[in-house]
Amino acid sequence: MNSRLQEKNEELIQLREKCYALENNCDSSERESSFIKHNLNKVKLKLEDSTTKTVEWREKYDNLEGIYNSSIQEMRQEQNSLRDALQAAIDQGISRVNEMEMMQSE
């Protein structure tokens, strides 16, 4: 009977050691999980920051693109106005030359 108690006692000791080992594994897993969660949060924050910066840069790009397009449109309008003024001056010059030729031929 004494050996039976001894045997049960050893089984209990082994079970207790297994419990400690499982407890240590759980603690280790919790630490690893916490570490992973912390790193995921850091990545999430960096991603959010990057996304915010991307949106900001996209808005700046869109603004600059709008300014560029407006400038191009204004330059084209000015170019057309200058072309029209030049054509009018050429037409007027041709008319005067024609008038002078007519006066000389008379």
Side-chain angles (χ1 to χ4, degrees):
M1 181 140 181
N2 217 3
S3 67
R4 179 109 170 110
L5 283 175
Q6 181 95 15
E7 201 176 287
K8 290 294 180 184
N9 194 28
E10 286 178 17
E11 283 180 31
L12 287 172
I13 290 172
Q14 288 176 356
L15 284 174
R16 185 175 60 190
E17 288 173 358
K18 285 181 183 179
C19 283
Y20 287 148
L22 286 173
E23 191 176 313
N24 287 335
N25 279 344
C26 285
D27 288 346
S28 177
S29 293
E30 283 180 24
R31 282 192 300 275
E32 288 175 17
S33 175
S34 177
F35 179 74
I36 290 170
K37 184 177 178 183
H38 174 73
N39 284 336
L40 284 174
N41 282 335
K42 284 170 59 176
V43 168
K44 179 183 170 191
L45 290 174
K46 285 182 180 180
L47 182 61
E48 286 172 354
D49 185 49
S50 175
T51 302
T52 300
K53 286 181 180 174
T54 300
V55 168
E56 289 172 0
W57 282 108
R58 181 65 192 178
E59 288 172 356
K60 288 178 183 179
Y61 172 81
D62 288 345
N63 288 339
L64 289 174
E65 187 178 34
I67 291 168
Y68 170 78
N69 289 335
S70 296
S71 297
I72 293 294
Q73 188 176 10
E74 288 174 13
M75 287 184 351
R76 285 184 181 147
Q77 288 173 347
E78 188 174 335
Q79 184 181 22
N80 289 338
S81 296
L82 290 172
R83 186 183 317 117
D84 292 345
L86 180 60
Q87 188 62 49
I90 291 171
D91 291 345
Q92 187 178 12
I94 291 172
S95 293
R96 284 188 182 162
V97 167
N98 287 339
E99 285 175 13
M100 289 173 67
E101 285 178 352
M102 285 176 76
M103 290 172 102
Q104 285 180 354
S105 65
E106 287 180 357

In Å, rounded to the nearest 0.5 Å, how long is the span from [atom1] of [X] to [atom2] of [Y]?
X: Arg58; Y: Asn63; atom1: CZ; atom2: CG; value: 11.0 Å
X: Ser81; Y: Arg76; atom1: OG; atom2: CZ; value: 14.0 Å
X: Met75; Y: Glu78; atom1: CE; atom2: CD; value: 8.5 Å
X: Lys60; Y: Asp62; atom1: NZ; atom2: CG; value: 12.5 Å
X: Gln87; Y: Ile94; atom1: CD; atom2: CD1; value: 7.5 Å
X: Thr54; Y: Glu56; atom1: OG1; atom2: CD; value: 9.0 Å

Less than 4.5 Å apart, side chain to side chain, heavy atoms only: is that true for [X] and [Y]?
X: Lys44; Y: Leu40; value: no
X: Ser34; Y: His38; value: no
X: Val43; Y: Asn39; value: no

For side-chain contact (heavy atoms from CB on, under 4.5 Å), just list the numbers for Glu48 and Thr51, CA-CA rounded to whole Å, side-chain angles, deciding distance to a tenth of an Å, and then say yes or no. CA-CA 5 Å; Glu48 286 172 354; Thr51 302; 5.6 Å; no
Below 4.0 angstrom, N of the basic side chain to O of the carboxylate: do Arg31 and Asp27 qualify?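 The answer is no: the pair does not qualify as a salt bridge.
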So, Ser50 side chain and Lys46 main chain: donor-acceptor pair closer than 3.5 Å or not?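 No: the side chain of Ser50 does not pair with the backbone of Lys46.
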Can you check whether Ser29's main-chain N or O pairs, donor with acceptor, with Ser33's side chain at less than 3.5 Å?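 It does not hold such a pair.
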Pair Ile13-Glu17, side-chain contact (heavy atoms from CB on, under 4.5 Å): steps then yes or no: CA-CA 6 Å; Ile13 290 172; Glu17 288 173 358; 3.8 Å; yes
